2 protein chains.
Amino acid sequence: MTAWLINRVVQLRDPLSQTFAALADPTRRAMLARLSQGEANVTDLARPFLGQMSLPAVTKHLKVLESAGLVTKGRSAQWRPCTLNGAALRDAADWMETYRRFWEESFDRLDVYLKTVTASGSSKKKPKGKSRGRKKQVE
Amino acid sequence: MTAWLINRVVQLRDPLSQTFAALADPTRRAMLARLSQGEANVTDLARPFLGQMSLPAVTKHLKVLESAGLVTKGRSAQWRPCTLNGAALRDAADWMETYRRFWEESFDRLDVYLKTVTASGSSKKKPKGKSRGRKKQVE
DNA sequence: CTCGTACATGACCGCTTGGTTAATTAACCG
DNA sequence: CGGTTAATTAACCAAGCGGTCATGTACGAG
């Protein structure tokens with residue numbers, strides 16, 4: 001029936017959904033990564049992607065990030081200096097925070113497992129330490 | 001040109017994008033919230049939404065969560081007991097973590113602002129404390 | 001075996017998304 | 001003024017997404 005209307009209008013435009021949707025694209029995440037190193041105008045942001053996609057495509061991505069509140073686009077003559085805006089990201093992080101125990105639980109299970117393994121070996125090195133949440137990660 | 005092909009195939013299917021995309025829907029987030037309180041089968045998960053959407057719709061949402069690795073769907077007779085799987089969520093949280101300074105920066109700016117405001121008033125109550133990251137939030 | 005329950009699957013539909021090219025606006029520069 | 005650079009807008013296209021209904025399947029119970 002006309003349920004799709006209700007959905008489209010009411011459902012999918014809450015800020016959190018917009019934020020997550022904006023993050024659900026590697027191009028957009030890369031742009032955020034670039035912006036995390038400082039202000040940049042549109043062509044700066046586009047540079048790594050030109051050759052793979054056109055400038056209007058970048059403009060579109062940028063618009064998604066902007067309307068999700070993740071970046072702020074200023075203007076100076078013909079340039080649009082963009083800056084990263086942490087606030088929207090914080091909302092998403094806050095949401096995630098409520099689930100932290102779930103990934104730490106599984107980490108703890110691994111921790112317990114590792115302890116049983118190393119218990120049968122020598123007990124030196126003692127790598128205890130509150131080293132939650134692995135490093136790695138670039139993208 | 002055939003750029004859309006390259007994109008579709010190569011771009012949008014990385015795990016992180018899938019995870020964020022899965023989170024970009026309030027229905028799906030609500031299902032995760034339900035699962036955070038313990039195992040549930042499909043009709044359990046669907047219950048709050050029936051009347052607003054059909055069962056197949058829920059099945060679809062569930063499939064999105066599943067293929068993003070966020071939930072694991074077991075089977076016991078005709079039931080599919082679903083459980084929340086924290087690992088995928090952790091990957092997303094790790095990504096966010098690299099941007100933490102940006103929302104904490106803005107918090108600090110607010111902090112400074114509040115200090116200048118309260119400085120002109122009385123200096124009692126002293127709400128200093130490392131109370132990062134507001135409470136609120138339900139969804 | 002038959003029935004009911006719990007889900008999944010398939011075919012369809014309309015909007016959204018991510019991309020394209022071509023044209024347009026806007027500002028600076030000489 | 002005319003030209004160049006920066007960026008946006010418009011029109012279009014194919015694929016994806018979120019929903020529908022109808023049908024199909026797998027299992028337990030009587």
Side-chain angles (χ1 to χ4, degrees), chain A residues 1-14 17-31 39-47 49-68 71-82, chain B residues 1-14 17-31 39-47 49-68 71-82:
Chain A
M1 211 232 293
T2 44
W4 59 268
L5 216 179
I6 293 127
N7 288 309
R8 264 347 70 183
V9 173
V10 121
Q11 216 179 58
L12 218 78
R13 265 63 188 125
D14 63 303
S17 296
Q18 262 186 277
T19 304
F20 280 130
L23 295 178
D25 185 300
T27 306
R28 251 128 48 190
R29 287 197 304 274
M31 293 203 247
E39 192 174 283
N41 57 40
V42 179
T43 32
D44 289 340
L45 288 172
R47 191 140 29 235
F49 308 110
L50 295 178
Q52 294 157 52
M53 86 182 55
S54 66
L55 221 142
V58 173
T59 302
K60 280 193 179 185
H61 279 302
L62 199 46
K63 183 134 48 189
V64 173
L65 290 170
E66 198 186 1
S67 55
V71 322
T72 311
K73 187 163 41 177
R75 51 189 315 164
S76 162
Q78 63 264 70
W79 296 275
R80 302 295 130 94
C82 303
Chain B
M1 210 235 291
T2 44
W4 58 267
L5 216 180
I6 293 127
N7 288 307
R8 263 349 69 184
V9 173
V10 123
Q11 216 179 58
L12 217 79
R13 265 63 188 127
D14 63 303
S17 297
Q18 264 186 274
T19 304
F20 280 131
L23 295 179
D25 184 301
T27 306
R28 250 130 46 190
R29 287 198 304 275
M31 293 203 248
E39 191 173 283
N41 56 42
V42 180
T43 32
D44 288 340
L45 287 172
R47 190 140 28 236
F49 308 110
L50 296 178
Q52 293 156 56
M53 87 182 54
S54 67
L55 221 143
V58 173
T59 302
K60 279 194 180 185
H61 279 303
L62 199 46
K63 183 134 51 191
V64 173
L65 290 171
E66 198 186 1
S67 56
V71 321
T72 311
K73 188 162 45 177
R75 51 188 313 165
S76 162
Q78 62 263 70
W79 295 275
R80 303 296 131 95
C82 303

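It should be emphasised that the depicted structure is a prediction, and the values quoted were computed from it without experimental measurement. Lettering follows sequence order; numbering is per chain, from 1.
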Closest listed nucleotide, where the reference is the side chain of B:Val42 and the choices are C:dG18, D:dG18, C:dC7: C:dC7
Is the distance from OP1 or OP2 of [N] to the nearest side-chain N or O of [X] less than 4.0 Å?
X	N	value
B:Ser54	D:dG19	no
B:Asn41	C:dA6	no
B:Thr59	C:dC7	no
B:Lys63	C:dC7	no
A:Thr43	D:dT5	no

Separation of [X] atom [atom1] from [N] atom [atom2], in whole Å?
X	N	atom1	atom2	result
A:Leu55	C:dT21	CG	P	12 Å
B:His61	D:dG16	NE2	P	18 Å
A:Leu50	C:dT20	CG	P	10 Å
B:Phe49	D:dG19	CZ	P	10 Å
A:Lys60	D:dA11	NZ	C1'	10 Å
B:Lys73	C:dT9	NZ	C1'	12 Å
B:Leu62	D:dG18	CG	C1'	15 Å
B:Met53	D:dT20	CE	C1'	12 Å

How about [X] and [Y]: do any of their side-chain heavy atoms sit closer than 4.5 Å?
X	Y	value
B:Met31	B:Val64	no
B:Thr43	B:Leu55	yes
A:Val42	A:Leu45	no

Test side-chain hydrogen bond (donor to acceptor under 3.5 Å, both in side chains) applied to B:Arg28 - qualifying residues, sequence neighbours left out: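 Partners of B:Arg28 under the side-chain hydrogen bond (donor to acceptor under 3.5 Å, both in side chains) test: B:His61.
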Partners meeting side-chain hydrogen bond (donor to acceptor under 3.5 Å, both in side chains) with A:Glu66 (sequence neighbours left out): A:Lys73
Atom pair CG/OG1 of A:Asp14 and A:Thr19 - distance to nearest 0.5 Å: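 Nearest 0.5 Å value for the CG-OG1 distance: 8.5 Å.
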Distance in Å, A:Trp79 CH2 paired with A:Asn41 CG, rounded so as to fall on 0.5 Å steps: 8.0 Å
Contact pattern, 5' to 3', of nucleotides 22-30 of chain C - B, S or - by protein heavy atom under 4.0 Å: B----BS--
